[in-house]
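Just so it is clear, the structure is predicted and the values come from calculations on it, not from any experiment.
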Amino acid sequence: MTKEQIIAMLRGTAISVELTLASIAIGIVLAFIIAFFRMSKNKALKGIGWVYIWVFRGTPLLLQIMVIYYAIPIMYRETFGNTLLMPMFTSAVLAFTLNTAAYIAEIIRAGIESIDNGQMEASKALGMSYWQAMIHVIIPQTFKRLIPPFSNEFIMILKDTSLISVIGMAELMKVSRQFAANGDWGFYFYAGAIYLFLTTIFSVAFDKLEKFAGKYE
């Protein structure tokens, strides 16, 4: 492997990690909103949350990436007559954010609903509002329960970043495939080793975080 190839592989790895971190960070914020929509007593908000999750969990991530990067700009041009310029990385972050938010929203909802109803009633008896009880009592108790499924979703997104090669981004898998096209199949194994290294590092980090979250239980 030449120096240039090593640099290209590292750049591809950096793109994969950056995409994962950006999508997860924004996705968590959106996921909380969708989760509370799903738990809302307002039928309209509950319906919006249900439809959102139904759409983004029920369609392939690859399709969502292609719709956002290819279809939406075409629809925009046909509707408004102007060109919608959407950078590849921005399109990828948007697609991954919308997708992962649907899964994380269900993780959050399940975690919150797993807390005994008595906790909310006791909080209200102490004079707390619904949101005060959620922020200070309910949500903190869900942290340990959320970490294992959230870890799985994080690892899944990291591996799924290989899908963005469909829009031309030079992430780890695309770079490896380009080098392997010259006849050196070893690059697939290099890519596999890097993915395995990254998933192991993040898995260990989440395991430690889970132990820390349960330290005072």
Side-chain angles (χ1 to χ4, degrees), residues 1-31 56-57 59-77 82-104 107 147-210:
M1 185 185 297
T2 66
K3 180 180 179 180
E4 290 73 19
Q5 289 173 328
I6 293 175
I7 292 174
M9 294 283 285
L10 291 176
R11 286 176 178 170
T13 301
I15 290 175
S16 295
V17 174
E18 288 172 6
L19 175 57
T20 301
L21 294 177
S23 301
I24 288 291
I26 304 172
I28 288 175
V29 177
L30 180 58
F56 284 98
R57 289 180 65 185
T59 56
L61 175 56
L62 180 60
L63 174 63
Q64 294 164 21
I65 294 171
M66 296 181 71
V67 166
I68 290 173
Y69 186 72
Y70 292 114
I72 290 181
I74 294 174
M75 293 167 61
Y76 184 90
R77 185 176 65 248
N82 299 321
T83 301
L84 177 63
L85 298 176
M86 191 176 297
M88 286 188 288
F89 188 79
T90 301
S91 300
V93 169
L94 180 58
F96 276 80
T97 296
L98 294 175
N99 181 272
T100 194
Y103 288 91
I104 296 177
I107 293 172
I147 291 173
F150 178 79
S151 173
N152 291 337
E153 177 63 17
F154 186 96
I155 297 302
M156 186 65 68
I157 288 296
L158 177 60
K159 293 187 294 184
D160 282 348
T161 56
S162 60
L163 295 175
I164 62 174
S165 61
V166 72
I167 61 175
M169 283 193 69
E171 45 70 53
L172 177 58
M173 197 63 223
K174 181 177 177 63
V175 173
S176 302
R177 189 165 62 248
Q178 288 175 335
F179 290 144
N182 295 325
D184 190 348
W185 295 95
F187 282 97
Y188 287 133
F189 293 97
Y190 298 148
I194 292 174
Y195 278 119
L196 188 58
F197 173 77
L198 292 175
T199 55
T200 300
I201 291 296
F202 285 116
S203 294
V204 170
F206 280 115
D207 286 342
K208 291 186 178 298
L209 182 60
E210 183 181 3

**Item:** CZ (Phe197) with more than 12 external heavy atoms under 6.0 Å
**Value:** no
**Asked** Can you tell me if Thr100 uses its side chain to pair, donor with acceptor, with the backbone of Thr97 under 3.5 Å?
**Response** no
**Request:** Please identify each residue that fulfils side chain to side chain donor-acceptor pair (under 3.5 Å) with Ser165, with sequence neighbours left out.
**Result:** Arg177
**Prompt:** Is a side-chain N or O of Thr90 found less than 3.5 angstrom from the main chain of Met86, in a donor-acceptor match?
**Reply:** no
**Request:** Would you please name every residue forming a side-chain contact (heavy atoms from CB on, under 4.5 Å) with Met156, sequence neighbours left out?
**Result:** Asp160
**Complete:** side-chain contact (heavy atoms from CB on, under 4.5 Å) filter on Gln178, not counting sequence neighbours, yields Lys174
**Item:** Flag side-chain contact, heavy atom, 4.5 Å: Leu158 against Thr199
**Value:** yes
**Fill in**
The ring pair (Phe, Tyr, Trp, His ring centres under 6.0 Å) partners of Tyr188 (sequence neighbours excluded) come to Trp185
**Request:** Taking the side chain as every heavy atom from C-beta outward, state whether Leu94 and Leu98 have any pair of such atoms under 4.5 Å apart.
**Result:** yes
**Prompt:** Can you name the one residue among Val67, Ile164, Ile65, Ile68 that meets side chain to side chain contact (heavy atoms under 4.5 Å, CB included) with Ser91?
**Reply:** Ile68
**Prompt:** Say you draw a straight line from CD1 of Ile15 to CZ of Phe89; how long is it, rounded to the nearest 0.5 Å?
**Reply:** 8.0 Å
**Prompt:** With sequence neighbours excluded, what pairs up with Arg11 under the side chain to side chain donor-acceptor pair (under 3.5 Å) test?
**Reply:** none
**Item:** Beyond-backbone contact of Met9 with Ile194, side-chain heavy atoms, under 4.5 angstrom
**Value:** yes
**Request:** Could you tell me which residues satisfy ring pair (Phe, Tyr, Trp, His ring centres under 6.0 Å) with Phe179, sequence neighbours excluded, listed by chain and number?
**Result:** Phe187
**Prompt:** Partners of Tyr69 by ring pair (Phe, Tyr, Trp, His ring centres under 6.0 Å), sequence neighbours excluded?
**Reply:** none
**Request:** Would you please name every residue forming a side-chain contact (heavy atoms from CB on, under 4.5 Å) with Tyr76, sequence neighbours left out?
**Result:** Phe80, Asn82, Leu84
**Request:** Please examine the side chains of Val175 and Tyr190, heavy atoms only from C-beta on, and report whether any two atoms are closer than 4.5 Å.
**Result:** no
**Complete:** Hits for side chain to side chain donor-acceptor pair (under 3.5 Å) against Ser23, two or more places apart or cross-chain, chain-then-number order -> none
**Request:** Measure across Ala101 and Gly27 and return the closest heavy-atom pair with its distance rounded to 0.1 Å.
**Result:** CB-O, 3.6 Å
**Message:** Distance check, rounded to the nearest 0.5 Å: Thr13 atom OG1 versus Met173 atom CE?
**Reply:** 11.5 Å
**Partners meeting ring pair (Phe, Tyr, Trp, His ring centres under 6.0 Å) with Phe202 (sequence neighbours left out)** = Phe154
**Message:** Run the side chain to side chain donor-acceptor pair (under 3.5 Å) test against Thr59 and tell me which residues pass, sequence neighbours left out.
**Reply:** Gln64
**Asked** Between the main-chain N or O of Ser16 and the side-chain N or O of Thr20, is there a donor-acceptor pair closer than 3.5 Å?
**Response** yes
**Item:** Results of side-chain contact (heavy atoms from CB on, under 4.5 Å) for Tyr103 - residues two or more places apart only
**Value:** Arg57, Asn99, Glu153
